[in-house]
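Just so it is clear, the model here is predicted, and its values are computed rather than measured.
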Amino acid sequence: MSIAPRWSMLAAAAATVIAVTATGCSSDSGAKKTESKGQSGAPAPSGAAPSGSGAIPAGPGPQPAYTVQKQPDPGTCHYRYTADKEPLPDAKCSPGATNPKVTQATLKTTICRSGYTSDIRPPTNITSREKTANAASYGYKGAMREAEYDHLISLQLGGDPNDPRNLWVEPPSPGHKAGAGPNNPKDVVETKLKNAICSGKTDLVKAQQAIAKDWTTALSSLGIPDSKDKKAPKQEQKDSDDE
């Protein structure tokens, strides 16, 4: 056999090896890209606020039968306080969660309908156990009857009834009298926001975002007058989230 045919055979074999190697690298690279995409698309942990968008997560909504929900691990949540010493929840543990049944289009049949919140409120045999566990999450050491197991976005503002991201043990506000039970002025703010929503003076989503961010500034941020009432009228107390 002449030298030329031998060189042709060797060149063909080398080309085959190069092609196989190149195909293998391309496949490897694609697998890595797919894996990376899958990780970045994974849902955020249930106790974490969504990253980037600032949107409030949606909860499962009202249930025919509620079950006790797992709370954050003990000592992993930390209260924040305003300059006036009003308590705010940990934004990572309790970012809030909305009730998907409540939208701007369903206001008349949901939060603007009298008695709606009582229809969807979880029973105390469920929330009392959650409250005890959540108190440990936040390291709350006070008397349990003095604290409110509070819906950050209240039921009357379209908050989810039993999503753990929407519930926190709210300690008493300044001026609290020992033995008097919760004295949270947040309840008054919630009712004023609900009235503003139902009268068309503000938008549902904007009110939910305002209360989740800081209940003490929610009214002013939406341009809703605040008379600074410290005691809720009877109707407001009826609609509050106090157990």
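- The salt bridge (charged side-chain N to carboxylate O under 4.0 Å, His left out) contacts involving residues 99-110 comprise nothing, where partners must be two or more places apart or lie in separate chains.
- Salt bridge E190/K186: present, at least one basic N to carboxylate O contact under 4.0 Å.
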Chi angles and distances behind the side chain to side chain contact (heavy atoms under 4.5 Å, CB included) call for D150, L167: CA-CA 5 Å; D150 176 70; L167 284 152; over 6 Å; no
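- When the salt bridge (Lys or Arg N to Asp or Glu O under 4.0 Å) test is applied to D214, no partner is found at least two apart in sequence or on another chain.
- Legend: residues meeting side-chain hydrogen bond (donor to acceptor under 3.5 Å, both in side chains) with R80, ordered by chain and number and at least two apart, are absent.
- Residues satisfying the side-chain hydrogen bond (donor to acceptor under 3.5 Å, both in side chains) criterion with Y116, sequence neighbours excluded, are N99.
- Not counting sequence neighbours, S220 has no partner by the side-chain hydrogen bond (donor to acceptor under 3.5 Å, both in side chains) test.
- Every residue two or more places apart in sequence or in another chain that forms a ring pair (Phe, Tyr, Trp, His ring centres under 6.0 Å) with Y79 is listed here: Y138.
- Listed by first then second residue, pairs satisfying salt bridge (charged side-chain N to carboxylate O under 4.0 Å, His left out) with a partner in residues 60-74 read K70-D73, not counting sequence neighbours.
- Sorted pairs that involve residues 149-194 and meet disulfide bond (SG atoms under 2.5 Å apart), not counting sequence neighbours, are lacking altogether.
- Note on residues 204-213: no pairs pass salt bridge (charged side-chain N to carboxylate O under 4.0 Å, His left out), not counting sequence neighbours.
- The ring pair (Phe, Tyr, Trp, His ring centres under 6.0 Å) pairs that include a residue from residues 168-225 number zero, where partners must be two or more places apart or lie in different chains.
- The disulfide bond (SG atoms under 2.5 Å apart) contacts involving residues 122-208 comprise C112-C198, where partners must be two or more places apart or lie in separate chains.
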side-chain hydrogen bond (donor to acceptor under 3.5 Å, both in side chains) assessment of T191 paired with Q156: CA-CA 7 Å; T191 298; Q156 61 180 331; 3.1 Å; yes
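- A search for side-chain hydrogen bond (donor to acceptor under 3.5 Å, both in side chains) contacts involving D160 returns nothing, not counting sequence neighbours.
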